[in-house]
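Chain letters run A, B, ... following the sequence lines, proteins first and then strands; every chain starts at 1. These numbers come from a predicted model, not from an experiment.
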There are 2 protein chains.
Amino acid sequence: MEPLVTGQLVVGKPDRPATLADVATASGVATSTASRALSNPTRVNVATRERIERAARELNYQPNSHARALTSGKTRTIAVLVSDVTNPFYFDIIRGTQQQLKAAGYTQLLVDTEESDELEDGMLHKLRGSFDGAILAASRLTDRRLSTLAAEMPLVAINRQTKGVASVFIDTPGGIEQALGHLVSLGHRDIAYVSGPETSWPNEGRWRALVRAGEHYGVAVRRVGPFSPKKNAGAAAADVVLNSGVTACIAFNDLLAIGMLMRLRERGVSVPDDLSIVGCDDIFGADFCNPPLTTLTAPIEQAGRVAVSMLLARLDSQTASAARQTATLPTHLTIRSSTGPAPAERPQ
Amino acid sequence: MEPLVTGQLVVGKPDRPATLADVATASGVATSTASRALSNPTRVNVATRERIERAARELNYQPNSHARALTSGKTRTIAVLVSDVTNPFYFDIIRGTQQQLKAAGYTQLLVDTEESDELEDGMLHKLRGSFDGAILAASRLTDRRLSTLAAEMPLVAINRQTKGVASVFIDTPGGIEQALGHLVSLGHRDIAYVSGPETSWPNEGRWRALVRAGEHYGVAVRRVGPFSPKKNAGAAAADVVLNSGVTACIAFNDLLAIGMLMRLRERGVSVPDDLSIVGCDDIFGADFCNPPLTTLTAPIEQAGRVAVSMLLARLDSQTASAARQTATLPTHLTIRSSTGPAPAERPQ
DNA sequence: CAATTTTTGGCAAACGGTTGCAGCAACCTT
DNA sequence: AAGGTTGCTGCAACCGTTTGCCAAAAATTG
């Protein structure tokens with residue numbers, strides 16, 4: 001009895017947060033019982049459990065996640081690595097992961113790898129133990145390194161297909177043919193691909209898909225770049241594309257495309273009258289830029305959600321075996337105003 | 001000697017990550033010495049220290065952050081709470097915090113409070129112990145609650161001034177006068193404030209500043225709304241503003257302003273010929289929307305960085321006393337193309 | 001009603017570090 | 001050369017949980 005009363009006597013602010021031991025003494029049981037009552041409810045008598053739960057509530061008990069992690073090895077935290085927090089594309093990913101993680105009662109550790117494979121690798125190791133698994137949005141790691149890491153810890157990669165590592169793939173390449181078809185139907189015959197960074201996995205995929213589609217439609221495609229996937233790299237890209245004499249281009253991503261739009265406006269080039277532009281991703285802003293961008297809409301946020309689901313599924317031993325290794329998310333072409341009929345043959 | 005050799009004999013993959021004990025035996029010292037060598041270098045002989053450091057390196061030792069947190073109470077993690085991960089404004093905050101935290105070797109815990117004070121409060125408590133301090137970007141808490149919390153844990157609030165809680169304040173109200181002056185100089189005499197959510201602290205500040213500025217310039221200001229600070233609330237806002245007969249408006253934030261822009265274009269209303277619009281914040285997209293938005297540019301990213309610096313300063317007992325309680329960041333008006341001369345008096 | 005099984009709850013040992021205290025050299029004093 | 005410092009290292013307790021193992025109590029069985 002006495003301990004229970006003690007617990008209630010401490011009416012002054014309990015400055016130090018209540019521990020499991022406090023809950024235990026307050027309800028007159030051992031800490032082991034209290035622990036079980038709260039986390040493994042079936043292992044303890046319903047009456048005692050209720051008593052303990054009440055005490056916990058009254059003391060405003062919050063389990064110490066570090067102590068818990070130390071013994072159980074589970075942190076209920078997921079690391080999300082993005083290569084550049086600056087890029088709106090990742091915001092959508094983060095939104096998706098955040099949503100899904102919160103719903104599952106997990107916590108999100110956000111890490112910016114600054115497009116550096118070393119930093120990515122380093123962080124993953126330094127933080128190992130701080131998270132149960134990681135989501136790699138746009139990994140810069142080599143296939144080899146990625147496989148090794150995937151063997152060491154639960155990973156899900158986004159937009160990166162490597163043997164042995166779970167991934168969710170946004171099928172932009174699959175949409176490229178549709179995009180090219182759109183341009184061809186508008187009369188374009190000479191089309192450029194505005195390349196993103198060469199270390200970017202999706203960049204290569206998009207280019208290859210475009211080459212294939214070009215063969216299919218029998219039109220010429222060429223590649224310019226590489227450019228950094230940022231808005232301000234769009235100026236250089238615009239100039240190069242303009243100089244190349246093509247009538248239309250597909251940009252690695254919307255950021256680049258929007259940058260081009262701004263530069264072209266500055267130079268007095270009309271989009272789409274003089275040049276048609278197709279972006280990729282459909283990020284925030286693609287709908288209200290000037291002109292609104294025709295783009296390959298990607299379910300970015302959904303990709304984040306799916307990645308979390310896959311990761312969580314494989315963390316749970318119950319569902320681990322059934323967990324999917326790969327998910328492919330389709331894209332679709334969203335036609336807005338940055339594409340139009342090819343300009344009439346210009347007189348020599 | 002034997003332990004040392006043992007350490008080297010384990011050539012096969014050390015599946016289990018090396019612990020401090022491993023490092024200690026490998027270098028023939030007690031764990032306490034190893035601990036000191038790695039974290040409190042001066043407390044141990046330089047020769048032993050080097051031996052230990054080498055062993056740690058060879059074993060690829062990574063301190064377990066949870067074990068460390070358990071005794072030291074320090075987690076080297078900062079929680080960043082935003083009210084809506086969906087809002088580009090917070091992206092910039094997150095960028096700033098991320099940068100600064102990484103530079104200081106801290107880890108960022110990202111939490112979305114979904115504009116709910118309860119969730120905010122709840123998360124802060126649930127995660128207490130998982131972080132050393134928190135940054136509240138746009139807290140929805142009452143002053144009372146916020147003060148209480150600030151007494152319980154190190155906090156820095158962004159855009160929220162409450163007695164007893166450290167804060168970094170983006171002085172948008174201070175820029176409002178400049179914005180109004182700009183509109184007045186263009187001939188506008190009847191101006192609306194497009195209100196954001198009433199629970200938003202900055203929203204009230206902006207409105208009050210506008211009222212004051214209105215008196216100063218002797219022009220009529222009125223308030224419409226409240227509207228949700230989202231792009232798609234802009235349609236409703238645009239209609240209301242249009243209906244109110246004003247010639248110019250200042251919107252709570254750029255998101256709302258951009259939404260209005262889209263709606264007005266749809267309705268065939270010309271900006272700025274028929275209506276001038278000023279936004280607040282200068283978020284991603286404000287420069288390339290159509291027309292580009294005149295807005296009160298806020299150093300959002302910097303706000304994130306400063307908030308981190310302030311928080312870190314007060315975590316360090318060395319600098320805690322000298323740490324600033326408040327920082328004010330100035331804003332400035334960026335004139336683009338959404339503002340222009342007031343339309344000539346329309347014939348009745 | 002004794003013997004056996006099932007519940008229920010406690011003891012104590014982890015988990016991987018940090019840190020106060022104490023021991024022990026080796027160095028200075030005088 | 002004895003006593004006093006100082007510098008370095010080890011011992012062991014502790015942080016707050018979880019969990020394997022065991023014992024007491026209760027329920028079941030023959």
Please tabulate, for side-chain N and O atoms in residues 34-45 of chain A, each donor-acceptor pair with protein atoms closer than 3.5 Å (sequence neighbours left out).
| unit_1 | atom_1 | unit_2 | atom_2 | d |
| --- | --- | --- | --- | --- |
| S39(A) | OG | S35(A) | O | 2.7 |
| N45(A) | OD1 | A47(A) | N | 2.8 |

Handout entry: Counterpart residues, side-chain hydrogen bond (donor to acceptor under 3.5 Å, both in side chains), relative to T75(A) (two or more places apart)
Key = D132(A)
Exercise for the section: Check every strand shown and say whether S32(A) touches a base, only sugar-phosphate, or nothing at a heavy-atom separation below 4.0 Å. Expected result: base
Handout entry: Five-pair end axes of the helix from dC1(C)-dG30(D) to dC27(C)-dG4(D) and the angle they enclose, rounded to 10°
Key = 50°
Handout entry: Of all pairs that satisfy salt bridge (Lys or Arg N to Asp or Glu O under 4.0 Å), the ones with a partner from residues 143-158 of chain A, not counting sequence neighbours
Key = D121(A)-R145(A), D143(A)-R160(A)
Exercise for the section: Using heavy atoms to find the nearest nucleotide of DNA chain C for T31(A) and V44(A) separately, return the residue whose nucleotide is more 5′. Expected result: V44(A)
Fill in the blank from the handout: What one should report as the nearest heavy-atom pair of T31(B) and L20(B) is O-CD2, 3.8 Å
Practice task
With sequence neighbours excluded, give me every ring-ring contact (aromatic ring centres under 6.0 Å, His included) pair touching residues 37-66 of chain B.
Solution key: H66(A)-H66(B)
Handout entry: Contact summary for V165(B) and A157(B), nearest pair of heavy atoms
Key = CG2-CB, 4.1 Å
Handout entry: Residue pairs, two or more places apart or on separate chains, that pass ring-ring contact (aromatic ring centres under 6.0 Å, His included) and touch residues 99-124 of chain A
Key = none
Practice task
Tell me which of A67(B) and R49(B) sits closer to the 5' end of DNA chain D, going by the nucleotide each one is nearest to.
Solution key: R49(B)
Exercise for the section: Using the heavy-atom set of chain A and a strict 4.0 Å cut-off, write down the first and last nucleotide of DNA chain C that makes it in, 5' to 3'. Expected result: dT8(C) to dG16(C)
Practice task
Can you sort out the partners of S200(B) under side chain to side chain contact (heavy atoms under 4.5 Å, CB included), two or more places apart, ordered by chain and number?
Solution key: R140(B), P197(B), P202(B), N203(B), F252(B)
Exercise for the section: Determine the contact category for S35(A): base if any of its heavy atoms lies under 4.0 Å from a base atom, sugar-phosphate if only primed atoms, P, OP1 or OP2 are that close, otherwise nothing. Expected result: base
Exercise for the section: With DNA chain D as reference, determine whether L70(B) or N45(B) sits nearer its 5' end, using the nearest nucleotide of each. Expected result: N45(B)
Handout entry: Of all pairs that satisfy salt bridge (Lys or Arg N to Asp or Glu O under 4.0 Å), the ones with a partner from residues 98-108 of chain B, not counting sequence neighbours
Key = E114(A)-K102(B)
Handout entry: Sequence neighbours excluded, every pair satisfying salt bridge (Lys or Arg N to Asp or Glu O under 4.0 Å) that has a member inside residues 303-317 of chain A
Key = E301(A)-R305(A)
Fill in the blank from the handout: Students should find that the nucleotides of DNA chain D closing off the region near chain B, any atom under 4.0 angstrom from a heavy atom, are dC8(D) to dG16(D)
Practice task
Name the nucleic acid region contacted by A30(B), choosing base, sugar-phosphate or nothing; use a 4.0 angstrom heavy-atom cut-off, strictly under.
Solution key: sugar-phosphate
Problem - Set of side-chain hydrogen bond (donor to acceptor under 3.5 Å, both in side chains) partners for Q98(A), sequence neighbours left out - result: none
